[in-house]
Visitor: 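One structure, pasted below without further comment.
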Amino acid sequence: MITHPAFVVEPWGIPETHLDLDVLAQTESVFALSNGHIGLRANLDEGEPFGIPGTYLNSFYESRPLPYAEVSYGLSESGQTVLNVTNGKIIRLLADDEPFDVRYGRLLAHERVLDLRDGVLRRHVEWESPAGKSVRINSTRLVSFVHRSAAAILYEVEPIDSPLRVAIQSELIANEPVPARSNDPRAAAVLESPLESEDFADRESRVVLVHSTRRSKLLMAAAMDHTFDGPRGTVLIAESERDVGRVTIATDLAVGERLTMVKFLSYGWSSQRSLPAIRDQVIAAVTKARYAGWDNLLAGQRAYLDEFWAGADVELDGDTELQQAVRFALFHTLQAGARAEQRAIPAKGLTGPGYDGHTFWDTERFVLPVLTYTAPEAAADALRWRHSTLELARERARQLGLNGAAFPWRTIRGQECSGYWPAGTAAFHVSANVADAFVRYHAAVEDDDFELEAGLEVLVETARLWRSLGHHDAEGRFRIDGVTGPDEYSAIADNNVFTNLLAQRNLLAAADAAARYPGQAGELGVDTEEAAAWRDAARAMVVPWDDALGVHPQSEGFTEHQVWDFEHTRPDQYPLLLHFPYFDLYRKQVVKQADLVLALHWRGDAFSEAEKAADFAYYEPLTVRDSSLSACTQAVVAAEVGHLDLAYDYFAEAALMDLHDIEHNTRDGVHIAALAGSWIAAVAGFGGMRDHDGQLSFAPRLPPQLERLAFGLRFRGRLLKVEATKTKATYRLSAGEPLELAHYGDPITVSRRKPVTRPILSTVSAEAAPRQPPGREPMRRGAERATPAQAEHA
C-alpha cells in the first residue's frame, strides 16, 4: 500500500502535499500523463532522483529472443518490449551554480497535483540551496489530447529573498539507464541502450534527435522547441549530439523577477516511412504546438476533457475518497486510448514498463466496454487496431492447425509474445473477447460502415476458429476441449464455461452478421452451409453442470478437484504463482481471478438468478484475487445477488488499485483494466446496467455507504443520464431521440422532454455473504470493520 499521507482527497484532482522518495516510482505512475500516443511518466522535471524513467510511444518496441530450455513446435520465438524512448521531460536548474536537486539543500515546500479537469500535472517547489539561496519553481506539464504528437511544459523560476544567477538546461536524452528488472514475471525486460542514433540537429531554440531500433527496425524522432520570457540580457544556446540535445537559457533575476520558459515537445515513429519524413513530421508538429502557444494548448486540453466528463462522469454521494478514485480511474482509462488511433491499449497504458508494454485480452474485456459508452471513437480505433492484426492471427491459427484467426494472449504488434503456452496459446477465449467487443461496439453505436470495414471479417474468422477448435461429440453436443480460461491457475481444461458461452455468442453474432450482409460475407467465402454450422454449434454448446453441488463447474471436472489448502498458505505466499509450481495449482480448486463469475456478468443472460447466487457463493471461497482484474467482476456479481456490502468492498479495491498500490506493482505503471473496472463496478454493479444483445437495461441497487449514484452513457447517438438514490431511479436524455430501455425488466421510453422515474426494488440477499480464502478478504471500507489479516493484505 502507498502509505502516503501526502495524498489529499479532492473531487477533481490527486494532490500530493509533500515529496516522499520512498514511493517515488509509484507516484511516477499515478501522476503519469498520456494521450494514447505519447506517455510521460511523472519523473521530476530535473530528472533525478527517479524511480523508473519513462517516456513511451505507443507500439514502439524492440524485439528480443524468447529462450527455452526445450524447444517444441508452435512456441513463440520472439518477444516484444516497449522502449523508454528519448526523454524530453528533463529541465535542469542551476541557481548560483548550485544544481537544483531535492536530495540536497532544504526542501521548503513540494506540492504536486494531477488535475483531472484541466488534464495537467502541476508542481510547486520552494528550495534552499546548500549555499542558502532560496528559489521558487512552478511547472505545469501536459500531453495534448488535441495535438496528438505534442506535449508541453510551462516552467517558471523566481528568487524568493535575494537575487539569483540562474540557468535552465532543457534536454532531450536518449538511452537513459533504467533499473534492473525483478524476478516478477509481471515486470518488464530491460534492454540496454536500445536506440541507435540516425540523425541530430539544432537550430536556434529547436533540437531534433532521430533514432532507430536494432532488431525491430523501427524509426523514431523527437523534437523540442522553446519560448521564454525573462529580464533583458537573457541568453539562449542550443547544442546537440548523438544521444543528447540541450537548450540552455541563462539570466540574472532580481527579487520580484521571473524567468518563464515553455518547452514544446513532439514525437513520431514509423516502421515504413523514411528518415526525412519522420524528422520533418516532428519538426512540423513541434512548430504547430509552438504556434498554438501554451494558453491555447491548455484551453484545448480543458475543452476536450469538458466534453468527455459531460458524458462520462460518475458521481458518488457518500464516499469522497471513492469519488476521487473513480474519476482518477476514468481519467487514466481515457488517457490510455484517447489518441491511440489504431494502436493497442497496453495493460499499463503508457504509464510504465510493466508487462513489457503488452496488450492483453484485458483491453476488450474491461477497457473497451467503458470507452464504448464514454468515448466511442477511442473504442473504434482500438478495434481497428485488432482488425489490422487479423492476418497475423490467421497465421497463428494455421500454425496451430486451425481455421480462422487466433488472436494472441499478449502482444504489441500482433504476434504472440507469451513464452508460456498453457496461459498463452491455450487461452483461446481471447478471440471470443475480441469478437464480443466488436459486437458490443456495433450494438451501442450502430455504425454499419465500421461493421463492414472491420467487424464482419473479425466475426467470421473467429467463428471459423471455434468451429475448427471444437467438435460435436457422439451425443451431438459441441465441445471445446483443452483450453485455458481467464483463471490462470487452471489450464488445458475441457469446456471452460466462460470460453464456451463467449464462443457461443461469437458464433451466433457471426451468423447474424453474415445474414445482414450476404454479399460481403460471400466475398469472405461464407455460404449458408457454413453459417448454419455456426448456429448448430452454438445451439449444442456444452455448459457443464454439477448436479450434486447445484453449481456450474468452471470447466468439466473442476468441482471434483482437491480444494487448495488455504488454511496453511501464509500471507507472504501470495501471489501463489511466485511461490508454488503451476502443476500444483492446475490440479487444485483455487481460482486466481474471476472466471466462472466473469461469465455470470458478461453472459448473465445464460444463467438464472438462483444459479448466479449459488455459483457466486461457491467460487468466493476459492478465489484469491492474485490478479487486479478480479475485484470489479466480483463487485458486479456480488451486487446482483444482493451482497451489497461485499460488492462495495470490491468496488473500492478496484478503484483504489493504484492509489493504494494494492498489488504492490504500481511502480511499473497503473492497472488500466482494473481502473476501467471501477467504472464497470459502479455502473454495472450498483447501476445494474446490462447490454445483452444490444438491449440496454438497468436494475440499480445502492450499498448502505452511498446515498446517490449518477452516471452518463453514450448510446446510439444519445446521451443518457441515470441517477439512483436509495428509493428511486431517474432516467434522462440530454441529447438524441427517444430511447427504449428496461428498468428491472420493465420496458420504459425516455425522451429529452420526458424523464422517467421508477422505484428501486429491494435486492438485499437473505443469505449471509460468502467468505473468502483466509487473509484474501477485500479491505473493508472503514477501519473499524478491518481485521488485521485484511489490513495486511491491503
Visitor: Give me the ring orientation class for His332 and Phe328: parallel if the planes are under 30° apart, tilted from 30 to 60°, perpendicular past 60°.
Guide: perpendicular

Visitor: Of the non-hydrogen atoms in Leu116 and Leu305, which two are nearest, and what is the gap between them?
Guide: O-CD1, 3.8 Å

Visitor: Would a distance-only check, ignoring hydrogens and angles, find a side-chain to backbone donor-acceptor pair under 3.5 Å from Gln301 to Phe145?
Guide: yes

Visitor: Which residue pairs pass the salt bridge (charged side-chain N to carboxylate O under 4.0 Å, His left out) test with at least one member in residues 83-94, sequence neighbours excluded?
Guide: Arg92-Glu171

Visitor: For Ile173, does its backbone N or O pair with a side-chain atom of Asp243 as donor and acceptor, under 3.5 Å?
Guide: no

Visitor: Just checking Arg106: does its CZ atom have more than 12 heavy atoms from other residues, nucleotides or ligands closer to it than 6.0 angstrom?
Guide: no

Visitor: Return the set of residues passing side-chain hydrogen bond (donor to acceptor under 3.5 Å, both in side chains) with His147 (not counting sequence neighbours), or none when no residue passes.
Guide: none

Visitor: Could you work out, with side-chain hydrogen bond (donor to acceptor under 3.5 Å, both in side chains) as the rule, every residue matching Ser630, not counting sequence neighbours?
Guide: Gln634

Visitor: Which residues satisfy the ring pair (Phe, Tyr, Trp, His ring centres under 6.0 Å) test with Phe100, sequence neighbours excluded?
Guide: Trp127

Visitor: Report the C-alpha separation of Tyr155 and Ser139 in whole Å, then their side-chain angles, then the decisive distance to 0.1 Å, and conclude whether the side chain to side chain contact (heavy atoms under 4.5 Å, CB included) test is met.
Guide: CA-CA 4 Å; Tyr155 194 85; Ser139 70; 3.9 Å; yes

Visitor: Parallel, tilted or perpendicular: which describes the rings of Phe7 and Phe31, with under 30° parallel and over 60° perpendicular?
Guide: perpendicular

Visitor: With sequence neighbours excluded, tell me which residues meet side-chain hydrogen bond (donor to acceptor under 3.5 Å, both in side chains) with Glu176.
Guide: Asn84, Asn87

Visitor: Apply side-chain hydrogen bond (donor to acceptor under 3.5 Å, both in side chains) to Arg112 and list each qualifying residue two or more places apart in sequence or on a separate chain.
Guide: Glu16, Thr27

Visitor: Any sub-3.5 Å donor-acceptor pair from Gln335's side-chain atoms to Gly349's backbone N or O?
Guide: no

Visitor: State whether the side chain of Asn665 and the backbone N or O of Asp668 hold a donor-acceptor pair below 3.5 Å, judged by distance alone.
Guide: no

